[in-house]
Each structure stands twice: as C-alpha cells, then as structure tokens.
Amino acid sequence: MATDVAYVEADEAHHPGSSVYVRVAIVLAIVTALEVAVYYIPSLHGVMVPLLLALSTIKFLFVVSFFMHLKFDDKLLRTMFGAGMLVSLAVYIAMISMTTVNYHVPNLAPPAEAAGEAALAASE
C-alpha cells in the first residue's frame, strides 16, 4: 500500500500546476483565432490548406502533450503516438492531393482520320 501512495505522489510531482494549463488554453484559443482568420483572409486562400494543417497539428500537439498528459509519459508512448499522427497526416494529405489534382488522361484512341485510313487499308 505504501508503494501505491509513493507512486501517486511521484506521479503528481511531474505534473504542472493550474497556471500552466491556463496558459496552454490561452495558446489554444489564439491558434483557433488564427485558424478562423486564415479562412476569412482572401489573400491566404492559396495556402489555406497547408496553413490549417499546420495550425491544427500545433493544437493537436498541445492538447495531447498537456491535457492528455502524454508529455509526462514514457518516451515509447510519445513515439508511438507521434508515429500514428504522422501516418494519419500523410494519409490525409494524400487523400487531399488525389481529390484536388487535375489529372490529364491522354486520349489513347486514334484520331478519326487515322482510324478511317487504317480501316480502309485493312479492307484492301
């Protein structure tokens, strides 16, 4: 029983106080305001998706690090969570790229004149 109490006390010693969480919440509010501003500023529409991805990644890291206490967990857990985030971000970027890129598919059918000449040559 004494080891349980010692473990809880040691675990609580690594966590920051309330002021840190308030500062993190303020940073999250500022980043959210920037995300809204990016959407409404017309000159940023060309880079809107990368900017929003970067800002949402920053928010994700803050929430995971502080409010989910991942910052205070083992390095293995942080690495696994970070790797999962990178994979999901890569999949998301790939999906956006596949749906927004205008692919040019060449017309493989011969032109009408050449097709007519080929048919005429084959009939002779």
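The CG atom of L34 lies 10.5 Å from the CG atom of L44; values are rounded to the nearest 0.5 Å.
Screening residues 84-97 for salt bridge (charged side-chain N to carboxylate O under 4.0 Å, His left out), with sequence neighbours left out, gives no hits. Applying the ring pair (Phe, Tyr, Trp, His ring centres under 6.0 Å) definition to pairs two or more places apart or across chains, none involves residues 24-49.
Listed by chain and residue number, L53, I96 satisfy the side-chain contact (heavy atoms from CB on, under 4.5 Å) test with V49 (two or more places apart in sequence, or in another chain). Legend: residues meeting side chain to side chain donor-acceptor pair (under 3.5 Å) with S56, ordered by chain and number and at least two apart, are absent. Taking V20 as the reference, P16, R23, V24, F66 meet the side-chain contact (heavy atoms from CB on, under 4.5 Å) condition, with sequence neighbours excluded.
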Using a 3.5 Å cut-off and no angle test, enumerate the donor-acceptor pairs between side-chain atoms of residues 79-93 and protein atoms at least two apart in sequence or in another chain.
from : atom 1 : to  : atom 2 : distance (Å)
T79  : OG1    : K75 : O      : 2.8
S88  : OG     : G84 : O      : 3.2
S88  : OG     : M85 : O      : 2.9

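Heavy-atom minimum distance, L52 versus E35: CD2-O, 3.7 Å.
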